[in-house]
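Data first, discussion second: the structure below is written as structure tokens.
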Amino acid sequence: MALWGGRFSKEAGEAMFALSRSVHFDWRLASYDLRSSLAHLNSLEASAIIDKALASKIRSAIKELQSEVASGKFAPIASDEDVHSALERGLTEKLGAEGGAIRAGRSRNDQVATDFRLYLIDHMIEIALETLKLSSAITDLAGGYVNDVAPGFTHLQHAQPVSFGHELAKHAHSLSRDISRISNWLERSNLSPLGAGALAGSSLPLDPETSARELGFSGAIANSIDAVSDRDFVAEALFIISLIGIHLSRIGEEWSLYASSEFAWVELDDAYATGSSIMPQKKNPDAAELARGKAGRFIGSLTGLLTVLKGLPFAYNRDLQEDKELTFDAVENLLLLLPAITGMVATSKFDREKMRAAAPLGFSLATEIADFLVLKGVAFPIAHDAAGKAVRRCEELAIELDQLSDSDLKSIHPLLSGEVRSRLNLDSALAARASASGTAPESVKKQIANLRVKISADASEFAGERKRFSGMMDQ
Ligand code: ARG
């Protein structure tokens, strides 16, 4: 049943209705819609627009609907246009026309904006908690490889040896920034559009601040035109989702490389790998590849939304209905991806010997020679040049840097003595990089300890948000 009709002589044409209909996707907002209806009802009752007796009838009907929606007993039917009209049908089926009293002082414009904020707050909290689980799995994995050396790369070429724990832990840092972004987003987005009506506010004596707080928002949006047309909170959430997706795609790319026969650094757990339908020997890193692939999809959602918003007139326009499917798609896919990547990471086993054996290849210790000379007072450009000559000499003789003879060393630079050989091994190269952010195992241990402190502080912040928010949902 349409929510209008007075000025219309006909029902919507079939094609119009099919285009307009959104209940097959916006039904995800049902529980939030009912909750915001309860808050609105309280407001109508407090201002005596609905008397106590009717308010209590409507309240019981909404509560009944809450459990019927949760159990699936109440569901949309073909003639329902959107979640709001379907739930209003539910209310009128229970109470007759009286149930419609709740529509006073409210429009679908402020209603949908409120529901969507509640949905996104709820789901961004879940995304934060899942991201923290991944972060924690990465940090644990990193903690087990602090003393293992692996080649570090730039340009995908061996650059300098690093602690593999250092290499792994870097991912937890990018995820930690994502968590801060969600926290920051939550603070900015946690405001209620309810009370804005269609666009101009309401002439009824309602109290949007009280309804806002009842719903768990920190307050009401200051400008009613902004309240119904703002979708910045969606754009920002989609950006955060895209960036998390990009971070996961970089983990995915790394794991795919590590799992290749050329690297063969990682053994994936059977539970997080897939086989081939034709090649029985195959074990493929599909979780890692899906992480890479889904990032494209998230960016697609973000781009789609920004394009809908660009140049859009104020206040509400139906274009805004296009904000939902792409958001649901991004949220749901990220929530599928995160636990799989956490599982893949947590069960990965790396080949310590293989990584150590690869670490000195490609003359990755050449910088040690330059640093040795710098410590002897040689200017860096000259030291760099000498180290380069040492590499060239090794290539001519097909030997490694620590095999250069004393006379070869001296001919490269007079201050280059055999003493340099003590630096030309992996462990001392690592230990030497003992700056706070450096790759020395002692530094990496401290970095990981700090990460753990941050992860547990973030986890309790978001567990608190979850509790606060679901407490509100249960009311
Ligand atoms: N289904 C609509 C949406 O998602 C709800 C708001 C409809 N408002 C209106 N004035 N037609 O945006």
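Counting convention: from 1, in listed order, for ligands and their atoms alike. If you read the sequence from its start, that first residue is 1, and numbering goes on from there. Because the structure is predicted, anything quoted here is derived from the model rather than measured.
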- Ser22: numbered ligand 1 atoms lying under 4.0 Å from its heavy atoms: 1 (N)
- Message: What verdict does the ring-ring contact (aromatic ring centres under 6.0 Å, His included) test give for Tyr32 and Phe116, after you've listed the backbone C-alpha separation in whole Å, the side-chain angles of each residue and the deciding distance to 0.1 Å?
- Response: CA-CA 8 Å; Tyr32 307 101; Phe116 203 24; 9.7 Å; no
- Query: What residue and atom, counting heavy atoms only, is the protein's closest point to atom 11 (N) of ligand 1, and at what distance?
  - Reply: Arg108 NH2, 3.7 Å
- Can you tell me if His158 uses its side chain to pair, donor with acceptor, with the backbone of Gly152 under 3.5 Å? no
- Note: Arg89-Glu81 ion pair, threshold 4.0 Å (strictly below): no
- Specify the protein heavy atom at minimum distance from atom 5 (C) of ligand 1: its residue, its atom name, and the distance to 0.1 Å. Asp82 OD2, 3.8 Å
- Task: Mind telling me whether Phe350 and Trp255 have parallel, tilted or perpendicular rings, with 30° and 60° as the class edges?
- Result: perpendicular
- Determine, for Asp26 against Lys324, whether the closest basic-nitrogen to carboxylate-oxygen distance falls under 4.0 angstrom. no
- When the ring centroid of Tyr119 is compared with that of Trp27, is the distance short of 6.0 Å? no
- Protein residue, atom and distance nearest to atom 12 (O) of ligand 1, heavy-atom basis: Tyr316 OH, 2.5 Å
- Atoms of ligand 1 less than 4.0 Å from Lys324 heavy atoms? 3 (C), 4 (O), 12 (O)
- Message: So, regarding Asn109 and ligand 1 (criterion: nitrogen or oxygen to nitrogen or oxygen, under 3.5 Å), is there a contact or not?
- Response: yes
- Task: Note the single closest protein heavy atom to atom 2 (C) of ligand 1, along with its residue, its atom name and the distance in Å.
- Result: Gln321 OE1, 3.2 Å
